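Notes follow the structure.
Everything numeric in this text was worked out from a predicted model, so none of it was measured.
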Amino acid sequence: MKGLVAALLLFFSSQTFANFSPGVIDIFDHPTEIIVKFKASPNDFKADFYQFLQNQKAMQSFSTEVLNEETKVALFKLPIGLVASTLIQELQNSPQIEWAEPNRVIVGDPREFTPNDPLLEKQFHHQIMKSFEGWEQSTGKEEIIIAATDDGFALGHQDLKNIFWTNKGEIADNQIDDDGNGYVDDVYGWDFANNDNDPSTNGGGGSHGTHVAGILGAEFNNGVGISGHGDKIRVMALKWYGGGSWTAATVLKTYKYAADNGAKIISTSYNIDGFAGNKTYDEAVSYCYKKGILIFNSAGNGNRQQSPRSKIDKIFLVASTQSGKDRKKWDVRSRFSNYGYGVDIAAPGNPIYSTVPRNRYSDMSGTSMAAPNAAGLAGLIWSTHPEWSMAQVISQLFQASDDIDGLNSRYAGELGAGRINVKSVQNEKRLPPRIRKSWYADGTKELSFQIWGVLDARKFTRGSVVLENTKGEKVEGTLEAKGSYFLGTNVLKYQVKAAAGTYRARLIAAKLADPFGQELDGDGNGQSGDDYTLEFTVE
């Protein structure tokens with residue numbers, strides 16, 4: 001075993017990864033890196049942990065890195081001879097820590113895009129989304145920062161050079177951390193893949209990230225190129241992938257930087273299936289969610305129903321729809337796009353014309369392109385209404401979307417709230433939340449309610465759903481909620497513990513409201529304030 005560990009360490013320290021084709025090659029746990037969430041400070045624990053290593057006769061030094069001091073999460077790199085998996089159980093039994101797990105590694109290329117015909121005409125997606133009509137109402141009022149997490153950015157591109165976020169608290173090239181955020185000279189963001197202050201395309205790559213940045217915020221009215229979603233959008237350039245592999249620790253550091261340095265939205269166009277169920281990734285997302293930050297992620301290009309990422313809470317998955325020359329195909333699900341009840345919304349993604357390095361433009365296709373379209377429109381909403389909460393922004397984005405189920409009958413209810421619409425988000429009239437679909441599965445004794453729109457997570461209680469008999473009498477102790485509700489939870493699930501018989505589940509409208517205070521539209525007539533009921537039989 002010791003020889004194997006040494007070989008793996010040598011591999012990670014010296015390997016130059018090949019330029020893999022897009023797609024994940026492997027997912028595994030790092031053999032000598034552990035991520036730990038402490039109940040006390042990581043520094044307080046270090047002495048005890050070192051004593052433990054001495055007891056194991058592993059006398060060589062180990063290194064630590066605090067990933068998030070506020071939530072007490074740290075990365076431990078173990079010395080040769082000590083394998084991460086042998087420590088996890090003992091660490092989890094320690095009263096000083098909340099959880100411990102190996103650092104998750106994704107090898108390959110997690111970016112999600114498919115190059116398309118470069119002769120396709122330019123930005124059809126703005127026509128589809130009615131951007132021009134929407135911009136007549138507003139192109140934004142206050143600056144909004146959207147963090148793009150990607151493979152590098154052409155910072156000097158003629159259509160992008162004025163839209164990138166700059167850290168006003170940092171003095172360039174003085175080798176001092178002027179703003180005290182832990183990063184030296186991070187004037188234009190950070191490169192977490194190489195741990196330096198250059199998130200540009202230096203060293204190769206960056207086509208994907210540059211394309212995403214153009215979709216989000218390519219400069220308005222500058223006489224060249226294309227347009228993004230609003231003239232107040234600023235893109236925070238965060239490079240987190242440089243080829244070869246990508247880790248959970250990198251995600252946590254990147255998301256924390258975005259949250260701590262002013263981003264209100266994060267746009268991620270990467271394959272996160274390998275992080276489903278990973279505590280470190282959940283920690284990163286939860287940290288942003290608690291700070292009121294919206295995370296948009298590509299739904300995936302695997303043509304899959306309910307991919308693993310669809311079970312991840314507190315993020316918004318974006319499916320891709322057609323957006324090329326052929327208007328007859330507009331709003332049809334892209335054949336590569338994932339779908340399912342875990343998808344939150346759809347946006348044009350196939351193909352999208354945007355910026356690429358060397359002052360050029362190109363078409364790319366994928367849910368990678370759909371995600372920044374949704375994130376960019378959320379940015380326009382927030383820029384226009386800076387007083388709104390994250391819940392109100394996402395509610396407005398969802399309720400103003402166009403219903404495309406008629407064009408996608410095989411995937412009805414599985415492409416989220418609909419396809420985003422720039423014109424409609426400017427309207428003050430809002431539709432209340434409603435139940436899109438409900439069902440009872442007697443095999444698992446489980447009730448499910450698919451929500452259209454979002455509920456106010458601060459006021460939502462699981463007691464808003466009750467079980468009644470056919471006489472309308474409440475049957476106590478027969479429903480058990482499965483999981484918590486977060487923004488983006490689009491299916492409520494309940495375990496039924498009632499005896500055999502016929503019952504009626506009632507969703508109480510007065511207790512189910514959106515972030516603007518609109519109560520549930522139980523009968524689907526467009527007016528709020530009606531309860532929703534589902535009759536079913538327990539065998």
Check whether [X] reaches the backbone of [Y] with its side chain - one donor and one acceptor, N or O, closer than 3.5 Å.
| X | Y | answer |
| --- | --- | --- |
| Tyr255 | Ile295 | no |
| Tyr289 | Leu487 | yes |
| Trp382 | Trp388 | yes |
| Thr533 | Ala505 | no |
| Glu446 | Ala441 | no |
| Asp344 | Leu317 | yes |
| Ser401 | Ala417 | yes |
| Trp330 | Gly324 | yes |
| His125 | Gly349 | no |
| Gln396 | Val425 | yes |

Does one side chain, of [X] or [Y], offer a donor that lies under 3.5 Å from an acceptor on the other?
| X | Y | result |
| --- | --- | --- |
| Thr268 | Thr149 | yes |
| Tyr361 | Asp159 | yes |
| Tyr532 | Ser438 | yes |
| Asp260 | Tyr287 | yes |
| Thr139 | Asp231 | yes |
| His208 | Ser368 | yes |
| Asn525 | Arg434 | no |
| Gln322 | Ser334 | yes |
| Glu101 | Thr280 | yes |

Quick one: does [X]'s side chain get under 4.5 Å of [Y]'s, heavy atoms only?
| X | Y | value |
| --- | --- | --- |
| Ser269 | Pro372 | yes |
| Leu397 | Ile420 | yes |
| Val332 | Asn408 | yes |
| Val343 | Glu414 | no |
| Phe336 | Asn303 | no |
| Leu467 | Tyr494 | no |
| Phe316 | Ile345 | no |

Q: Look at the aromatic rings of Trp135 and Phe132 and report parallel, tilted or perpendicular, splitting at 30° and 60°.
A: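 Plane angle over 60°, so perpendicular.
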
Q. Tyr270 vs Trp246 aromatic rings, parallel, tilted or perpendicular, using cut-offs 30° and 60°?
A. tilted

Q: Any chance you could measure Lys264, atom NZ, to Ser383, atom OG, to the nearest 0.5 Å?
A: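 One gets 12.5 Å once the value is rounded to the nearest 0.5 Å.
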
Q. Rounded to the nearest 0.5 Å, what separation is found between the CZ atom of Arg419 and the CG atom of Asn373?
A.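 Output value for this atom pair is 10.5 Å.
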
Q) Taking everything shown except Lys423 itself, do over 12 heavy atoms lie less than 6.0 Å from its NZ? A) no

Q: Walk me through it: do Leu380 and Gln426 pass the test side chain to side chain contact (heavy atoms under 4.5 Å, CB included)?
A: CA-CA 10 Å; Leu380 175 59; Gln426 309 286 10; 4.1 Å; yes

Q.
So if I apply the side-chain hydrogen bond (donor to acceptor under 3.5 Å, both in side chains) rule between Glu480 and each of Lys497, Lys445, Gln495, Lys493, which one comes out positive?
A.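 Filter result, single survivor: Lys497.
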
Q | Identified side-chain hydrogen bond (donor to acceptor under 3.5 Å, both in side chains) counterpart of Asn301 within the set Asn271, Thr367, Asn338 | A | Thr367

Q) Using the benzene-type ring in the case of Trp, are the ring centres of Tyr257 and Phe192 under 6.0 Å apart? A) yes

Q. Closest heavy-atom contact between Tyr339 and Arg333?
A. CD2-NH1, 3.7 Å

**Q.** Lys NZ or Arg CZ of Arg104 over Tyr281 ring: under 6.0 Å, within 45°
**A.** no

Q. Where do Arg458 and Asp456 land on the salt bridge (charged side-chain N to carboxylate O under 4.0 Å, His left out) test, with the steps shown first?
A. CA-CA 5 Å; Arg458 298 169 302 173; Asp456 189 337; 3.3 Å; yes

Q | Test log, rule side chain to side chain contact (heavy atoms under 4.5 Å, CB included), inputs Asp331 and Asp402 | A | CA-CA 9 Å; Asp331 289 336; Asp402 287 353; 5.6 Å; no

Q) Going through the checks in order, is the side chain to side chain contact (heavy atoms under 4.5 Å, CB included) test met by Gln392 and Glu387? A) CA-CA 10 Å; Gln392 289 174 317; Glu387 74 282 5; over 6 Å; no

Q) Going through the checks in order, is the side chain to side chain contact (heavy atoms under 4.5 Å, CB included) test met by Ile352 and His211? A) CA-CA 9 Å; Ile352 300 296; His211 202 268; 4.2 Å; yes

